[in-house]
Student: 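To start, I am sharing the structure in question, which I have written as structure tokens.
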Amino acid sequence: MKKIQAAIFISGRGSNLESLIKSSRKKQSLVNIQLVISNNSKAKGLLIAKKYKIPLIYSFPKKNFEKKISKYLKNIDIICLAGFMQVLDSRFVKKWTRRLINIHPSYLPSFKGLNAQDQAIRAKAKYSGCTVHYVTSKIDSGKIILQKKVKILNKDNTESLSKKILLEEHMIYPKALQKIAKKILEKKS
Ligand code: GAR
């Protein structure tokens, strides 16, 4: 079975990375994760990448990140940002148009930017959620691929809401990636 080649960019814990790797190892997956890049050498996600024996694992500081990584992306079909906390420069984003996706912990277009779960709690919103979307030069504004609502209860705080949202993130990100993989493979054939 033909598969697309994916790179995952991380900055921290890597739980979305793990869910993407796990689903990519399922029989029906159209995705091969061959590369993990972090902009933080202490990211726990790097240990997850090692545990699952991802073939290529790198870490580069934030300065000139885009330049340093470009040579590793030659045969990559799609880049998935998974808790990657750096705004990529607009030239890079343009070059990867429609091949660069992100997961954001809110039901976009609500609560863009940092600390989205906290924003939702402070706004006393009735629900938030998570969204997988294409990355464009406008933060958290690219076309939505998949999203899921999560109810906010009176007793919820930022921590409890983050946990509930994260569980849904782990469900929708692999689904969204599989959907895109199908599209890319159809185009190629
Ligand atoms: C996730 O909640 C992800 O949606 C969020 O960071 C967390 C990373 O967790 N991303 C953003 O806020 C991007 N703006 P993880 O490292 O365990 O996947």
Side-chain angles (χ1 to χ4, degrees), residues 6-25 31 33 35-52 54 57-60 62 65-66 78-90 92-93 96 100-123 125 127-152 156-180:
I8 318 292
F9 289 7
I10 59 165
S11 299
R13 180 178 52 188
S15 71
N16 276 292
L17 166 68
E18 184 161 25
S19 84
L20 289 172
I21 297 174
K22 277 187 175 163
S23 82
S24 76
R25 306 261 158 112
V31 179
I33 298 172
L35 172 63
V36 169
I37 303 184
S38 174
N39 64 354
N40 165 19
S41 60
K42 296 196 172 81
K44 289 214 175 99
L46 287 168
L47 302 176
I48 294 175
K50 278 186 195 139
K51 178 175 139 192
Y52 287 92
I54 298 299
I57 306 167
Y58 297 103
S59 167
F60 294 105
K62 291 183 179 173
F65 182 83
E66 296 84 348
I78 189 139
I79 298 172
C80 306
L81 307 184
F84 182 72
M85 307 310 264
Q86 177 175 345
V87 177
L88 290 161
D89 77 37
S90 54
F92 185 89
V93 170
W96 285 87
L100 176 57
I101 64 175
N102 180 42
I103 186 148
H104 182 73
S106 79
Y107 198 81
L108 289 172
S110 298
F111 311 123
K112 295 175 182 173
L114 290 177
N115 307 318
Q117 304 94 330
D118 197 40
Q119 290 184 47
I121 292 288
R122 282 170 193 269
Y127 67 87
S128 187
C130 47
T131 305
V132 180
H133 64 94
Y134 287 104
V135 175
T136 62
S137 53
K138 254 190 168 181
I139 286 184
D140 301 328
S141 301
K143 190 172 181 250
I144 290 167
I145 300 158
L146 209 58
Q147 59 186 166
K148 181 79 202 265
K149 276 187 187 168
V150 170
K151 259 193 192 162
I152 304 177
D156 273 323
N157 55 28
T158 303
E159 199 191 347
S160 66
L161 178 62
S162 301
K163 274 191 190 160
K164 286 199 283 191
I165 291 177
L166 195 63
L167 285 176
E168 297 298 340
E169 291 184 40
H170 296 162
M171 307 289 287
I172 68 165
Y173 211 177
K175 262 193 201 162
L177 183 56
Q178 177 80 351
K179 192 174 149 184
I180 291 169

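We use all heavy atoms of the structure for the numbers below, so side chains are in, but hydrogens, waters and symmetry mates are not. Both counts, for ligands and for their atoms, begin at 1 and track the order of listing.
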Student: Please name all residues satisfying side-chain hydrogen bond (donor to acceptor under 3.5 Å, both in side chains) with Gln147, sequence neighbours left out, ordered by chain then number.
Tutor: Thr131
Student: Testing the 3.5 Å rule here: is there a donor-acceptor pair between the side chains of Asn40 and Ser11?
Tutor: no
Student: Looking only at protein heavy atoms, which one is nearest to atom 11 (C) of ligand 1, and how far off is it?
Tutor: Pro105 CD, 3.6 Å
Student: Nearest heavy atom to atom 8 (C) of ligand 1: which of Gly113, Gly83, Ala82 does it belong to?
Tutor: Gly83
Student: Where is the nearest protein heavy atom to atom 9 (O) of ligand 1: which residue, which atom, and how far?
Tutor: Arg13 NH2, 3.0 Å
Student: Look at ligand 1 and say whether Ile103 reaches it with a heavy atom at a distance under 4.0 Å.
Tutor: yes
Student: Ser160: which residues meet the side-chain hydrogen bond (donor to acceptor under 3.5 Å, both in side chains) condition with it, sequence neighbours left out?
Tutor: Asp156, Asn157
Student: Pull out every atom of ligand 1 sitting under 4.0 Å from any heavy atom of Gly14, numbered as shown with elements.
Tutor: 15 (P), 16 (O), 17 (O)
Student: Which of parallel (below 30°), tilted (30 to 60°) and perpendicular (above 60°) describes Phe60 and Phe65?
Tutor: perpendicular
Student: Got an N/O contact under 3.5 Å between Asp140 and ligand 1?
Tutor: no
Student: Ignoring angles and geometry beyond distance, decide whether Asn102 reaches within less than 3.5 Å of ligand 1 through its nitrogen or oxygen atoms.
Tutor: no
Student: Name the closest protein heavy atom to atom 14 (N) of ligand 1, giving the residue it belongs to and the distance to 0.1 Å.
Tutor: His104 ND1, 3.5 Å
Student: Considering heavy atoms of the protein only, find what lies nearest to atom 2 (O) of ligand 1 and give residue, atom and distance to 0.1 Å.
Tutor: Glu169 OE2, 2.9 Å
Student: Does any N or O in the side chain of His170 come within less than 3.5 Å of the main-chain N or O of Glu18, such that one atom is a donor and the other an acceptor?
Tutor: no
Student: In terms of ring plane angle, is the pair Phe9 and Phe92 parallel, tilted or perpendicular, where the classes change at 30° and 60°?
Tutor: tilted
Student: Taking all non-hydrogen atoms of both residues into account, name the closest pair between Val93 and Thr136 and its distance.
Tutor: CG1-C, 3.6 Å
Student: Give me the nearest non-hydrogen protein atom to atom 13 (C) of ligand 1 as residue plus atom name, then the distance to 0.1 Å.
Tutor: Met85 SD, 3.8 Å
